[in-house]
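Below: the structure, in structure tokens.
Every number for a ligand or one of its atoms is a count from 1 in the order of the listing.
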Amino acid sequence: MPAQVKKMGPSPLSLKNRHLWVILIESQMSELEKQLDELIEILRAGPRIAVLTGAGISAESGIPTFRGKDGLWRQFRAEELATPQAFFRDPKLVWEWYDWRRGIIGAKEPHAGHRVLARWERYFPHFVLITQNVDGFHRRAGSQNVLELHGNIWEVRCTQEGTIVENTECPLRKMPPLCPACGAMLRPNVVWFGESLPSETLEEAYAASASCDVMFAIGTSAYVQPAASLPLLAAERGAKIIEVNPEPTPLSSTADLSFLAKAGEILPLINERLPAGLGRT
Ligand code: OAD
């Protein structure tokens with residue numbers, strides 16, 4: 001073995017570094033334990049829970065977010081792919097992009113964090129799940145009542161009649177797909193820039209946010225309106241705000257507790273600590 005690559009024993013410096021790391025990790029863990037205890041007390045005091053999720057909750061499943069380092073809006077121009085004008089200008093191009101995204105989503109699975117939220121729907125007597133995600137992962141994980149603010153990528157809508165049907169064909173045989181009833185083009189049933197959110201769903205989301213005791217904001221950059229205003233409305237009405245996101249967001253200063261961590265790691269930890277007497281079961 002050449003002298004330069006001879007295996008060295010730990011230097012006094014690396015031992016010292018290791019010691020500092022242990023102290024750092026221990027203090028982070030005790031901070032996390034403190035936060036988890038605090039959260040359980042908050043949940044004891046307020047039984048009505050609302051949860052807002054964003055693209056970050058599906059990141060650990062392998063679905064790209066929009067604004068992160070490899071986010072979709074860093075690689076693609078929203079105005080060429082996610083507006084009604086773009087669709088009517090070039091429906092094939094827009095459908096090819098959605099078909100590609102459906103391919104990614106269809107090949108991945110929801111993770112433990114999605115499943116915890118599905119369990120909470122049964123555990124807490126008052127629980128509303130609001131999502132900005134179109135991937136359908138919450139339903140696939142077992143959530144039954146999901147307010148999908150931005151629609152669902154597995155649904156198509158007739159551009160003529162407005163009928164919405166499920167469509168899971170992937171890849172699509174024909175792009176754009178056509179309505180079997182009237183022959184008009186079908187579009188993805190998602191909300192594009194410049195479009196309104198489905199009004200009933202939005203009303204329900206406002207009502208849940210205005211009346212909850214605790215609101216979780218999980219995996220959202222809190223930039224896109226009106227979703228970003230929901231936790232602010234909840235806070236205004238006295239709810240505690242719990243954020244789960246590895247990065248700080250504009251919501252962090254309003255949050256009562258910020259878990260700077262991944263949803264798939266933190267949600268199971270919270271779930272493990274929920275006492276039996278707290279929820280429905
Ligand atoms: P963004 O892509 O804007 O933000 C994702 C957030 O998730 C970021 O704040 C990340 O730090 C965080 N994140 C990343 N990995 C995470 C993890 N493992 N656990 C928890 N958080 C994590 O996504 P949204 O806020 O959902 O709208 O974006 C909102 C809307 O903007 C989308 O619904 C979409 C987009 O334009 C439409 O298409 C209409």
Kindly state whether the ring of F216 and the ring of W120 have centres lying under 6.0 angstrom apart.
yes

Considering only protein heavy atoms, which is closest to atom 33 (O) of ligand 1, and at what distance to one decimal place?
H150 ND1, 2.8 Å

Decide whether an N or O pair under 3.5 Å exists between T249 and ligand 1.
no

Heavy-atom nearest neighbour in the protein, as seen from atom 29 (C) of ligand 1, with distance rounded to 0.1 Å:
Q132 OE1, 3.2 Å

Test item: M215 and I241 side chains (from C-beta on) under 4.5 Å apart, heavy atoms
yes

Please verify whether a non-hydrogen atom of W192 lies at under 4.0 Å from ligand 1.
no

Can you sort out which atoms of ligand 1 are near F193, meaning under 4.0 Å from one of its heavy atoms?
36 (O)

Polar contact flag for E247 and ligand 1 (N/O pairs, less than 3.5 Å):
no

Can you name the atoms of ligand 1, numbered from 1 with element, that are less than 4.0 Å from a heavy atom of E60?
17 (C), 18 (N), 19 (N)

Over 60° means perpendicular and under 30° means parallel, so classify the ring planes of W192 and F87, tilted if in between.
tilted

To the nearest 0.5 Å, atom NE2 of H114 lies from atom CD1 of I57 at 4.5 Å

Where is the nearest protein heavy atom to atom 28 (O) of ligand 1: which residue, which atom, and how far?
R67 NH1, 3.2 Å

Closer than 4.0 Å to some heavy atom of V191 - which atoms of ligand 1 meet that?
39 (C)

Within-cut-off N or O pair, F66 and ligand 1, under 3.5 Å:
yes

Heavy-atom pairs closer than 4.0 Å: do any link ligand 1 to the side chain of A263, the backbone, both, or neither?
both

Just jot down the ligand 1 atoms closer than 4.0 angstrom to any heavy atom of A59, in number order.
15 (N)

What protein heavy atom sits nearest atom 6 (C) of ligand 1, and how far off is it?
G219 O, 3.4 Å

What part of Y223, side chain from CB on, backbone N/CA/C/O, both or neither, has a heavy atom under 4.0 Å from ligand 1?
neither

For ligand 1, is there an N or O atom under 3.5 Å from any N or O atom of S221?
yes

For atom 23 (O) of ligand 1, the option (of A55, P250, G54) bearing the nearest heavy atom
A55

Sub-3.5 Å N/O-N/O distance, T220 and ligand 1:
yes

Yes or no: does A82 have any heavy atom under 4.0 Å from an atom of ligand 1?
no

